[in-house]
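Everything below concerns the one structure shown next.
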Amino acid sequence: MKLLRRKKAAYEPPAVLLTDLAFNLVIFFVVCASSDPEANRRAESGRRQDIPSSSKDQAKMAEEAKNIEVHLERDTTHVEINGLRTPLERFTEKLTPLLAGKTRPEERMVVVRSNKDVPYQHWIRMTGMIEKAGGVVALQVEEEKEVIVK
Amino acid sequence: MKIRRCKLEPGVPAVAMADIAFNLVLFFIILAKTQDDSAEVEAQKKLKWEAAHVAAVQDLPKTLITVTVTQENKVFLNAREIPRKELTEKDLSEEIAKLLGDKPAGKRTVQLKIHKDAPADIFEKVIEAVSQAGGEVVHVLAEDKN
C-alpha cells in the first residue's frame with residue numbers, strides 16, 4: 001500500500017490580524033491628515049503689509065533719503081503731506097508725483113506719523129492708499145519716556 | 001493505546017498588545033491636540049472686536065499667532081491678555097519673537113485683529129512690536145461692499 005504524504009500546509013497568517021492592521025493604518029493616515037494645527041482655524045480675509053522695523057539705522061537712512069512724511073489726525077477729511085494740509089480726496093493725486101522716479105525701496109518710504117487718537121479705520125485706509133500709489137509704509141512711533149518730577 | 005489529550009495553555013496573544021499600545025498612543029495624541037487648539041480658538045471667538053472696512057481684501061494665510069485689540073482697547077496675544085503696563089514694543093516683540101522661534105520667512109505671519117476704532121496710541125505699538133520681532137504683518141479686514 002502506498003501511503004500518500006500529507007501535503008505540507010502553507011503558512012498563512014491569521015486573518016484576524018489583517019483587520020487590526022487595516023484599522024491601524026486607517027487611524028494613522030487620519031491622524032497624519034489632521035495633524036496640521038492650523039487646520040482648525042478659519043481662513044480670514046484682509047491685507048498683508050510690509051512694514052520695515054523702525055530701527056535707528058533705518059530712521060537715519062530715511063532721514064538721509066528725505067522721505068515723504070504723512071501726518072494723520074483724528075480729522076479724517078484732511079491729511080498732511082510734508083506739512084501741507086491736503087483734502088483726503090486729493091491725497092493720491094498729490095502723493096503719486098512725489099514718488100515718481102523713485103525706484104529704490106528706501107526712496108519710496110513714506111513715513112506715517114499719527115496722532116494718538118487716530119482711529120485704525122482711518123489709518124488702514126490711508127496706508128492702503130500709500131501702498132497703492134507705490135509707497136512703502138514706515139511708522140514713526142514716539143518713544144514713551146518716564147519723567148520723574150521732584 | 002492511550003491517546004493523550006493535548007493541553008492548551010491559556011495565554012495572552014502578544015501580537016495584539018502592540019496594536020493596543022499603538023492605538024492608545026494615537027488616541028492620546030489626538031486628544032491632546034484637539035484640546036489645546038480648540039480652547040484657544042474658542043477664547044479668541046469670545047473677544048469683541050469689529051474689523052475695519054476697506055475697498056479690497058484678499059484671502060489670508062492661516063497663522064498660529066494672532067494679536068487682537070478689542071473694543072475696550074485691550075490687547076490679547078493668542079487670546080492671552082497683555083496688561084497695559086507690559087504693553088511696550090520691547091516686551092510685546094520679545095513675546096512674539098519667542099512664539100515665532102526660528103521659523104523661515106513666509107511662515108512668520110502674525111495676524112492682527114484690530115478693532116476699527118482702536119487709537120493709534122495702541123495699534124501702532126502692536127504693529128511696531130510685530131515688525132521688531134521679525135514677523136510679517138497681516139491685517140484682518142472686512143470688504144466694504146458700498
Side-chain angles (χ1 to χ4, degrees), chain A residues 13-14 16-17 19-21 23-32 34-55 58 72-74 112-129 132 137-144, chain B residues 13 15-16 19 22-23 26-27 29-30 33-34 36-38 40-41 44-45 51-64 66 69 88-89 93 109 111-125 127-128 130-134 136-144:
Chain A
V16 185
L17 284 182
T19 53
D20 269 11
L21 205 69
F23 181 65
N24 276 329
L25 277 172
V26 167
I27 291 183
F28 176 73
F29 285 114
V30 167
V31 175
C32 279
S34 64
S35 66
D36 183 7
E38 295 165 24
N40 267 359
R41 289 153 200 263
R42 195 164 53 94
E44 308 270 7
S45 59
R47 198 168 74 207
R48 226 173 227 287
Q49 197 171 41
D50 294 319
I51 294 182
S53 175
S54 64
S55 63
Q58 270 176 335
L72 304 181
E73 294 166 11
R74 189 161 175 84
V112 178
R113 194 161 54 87
S114 313
N115 282 4
K116 282 182 176 185
D117 54 356
V118 170
Y120 178 67
Q121 172 78 61
H122 181 48
W123 186 90
I124 199 77
R125 202 186 336 154
M126 294 316 297
T127 52
M129 285 163 97
K132 210 172 171 186
V137 176
L139 291 185
Q140 194 182 52
V141 184
E142 280 171 33
E143 272 182 45
E144 272 181 25
Chain B
V15 185
D19 277 3
F22 182 63
N23 277 327
L26 281 179
F27 172 75
I29 289 173
I30 298 168
K33 250 180 204 170
T34 47
D36 266 350
D37 207 29
S38 62
E40 200 185 287
V41 171
Q44 276 192 13
K45 276 182 193 167
H53 285 74
V54 288
V57 288
Q58 60 197 68
D59 286 337
L60 299 177
K62 288 171 187 166
T63 54
L64 288 174
T66 305
V69 180
T88 58
E89 287 108 71
S93 76
T109 46
Q111 224 172 42
L112 301 184
K113 291 181 174 177
I114 301 171
H115 182 64
K116 63 183 178 68
D117 297 325
D121 181 27
I122 290 174
F123 71 75
E124 278 192 335
K125 275 182 191 166
I127 296 169
E128 181 62 19
V130 176
S131 178
Q132 273 181 14
E136 291 149 14
V137 177
V138 156
H139 297 268
V140 178
L141 304 164
E143 194 171 8
D144 206 349

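Computed from a predicted model, the values in this text were never measured in an experiment. Here is how names work: the chains are called A, B, and so on, in the same order as the sequence lines, proteins then strands, and each is numbered from 1.
- Nearest approach of Val118(A) to Phe123(B), heavy atoms of both residues: O-CE2, 3.5 Å.
- Taking CG of Leu141(B) as the reference point, atom CD of Gln121(A) lies at 8.5 Å (rounded to 0.5 Å).
- Below 30°, between 30° and 60°, or above 60°: for His139(B) and Trp123(A) the angle between ring planes is between 30° and 60°, a tilted geometry.
- Contact tally against chain A (heavy-atom pairs below 4.5 Å) for Ile127(B), Leu112(B), Val69(B): the top residue is Ile127(B).
- The parts of His53(B) that come within reach of chain A are both its backbone and its side chain, each placing non-hydrogen atoms under 4.5 angstrom from that chain.
- Applying the side chain to side chain contact (heavy atoms under 4.5 Å, CB included) test between Arg47(A) and each of Val57(B), Val54(B), Val138(B) identifies Val54(B) as the sole match.
- Closest approach of Ala52(B) to Ile124(A), counting heavy atoms only: CB-CG2, 3.9 Å.
- A side-chain donor-acceptor contact under 3.5 Å links Glu124(B) and Ser114(A).
- A distance-only check finds no donor-acceptor pair linking the side chain of Glu136(B) to the backbone of Asp50(A) [under 3.5 Å].
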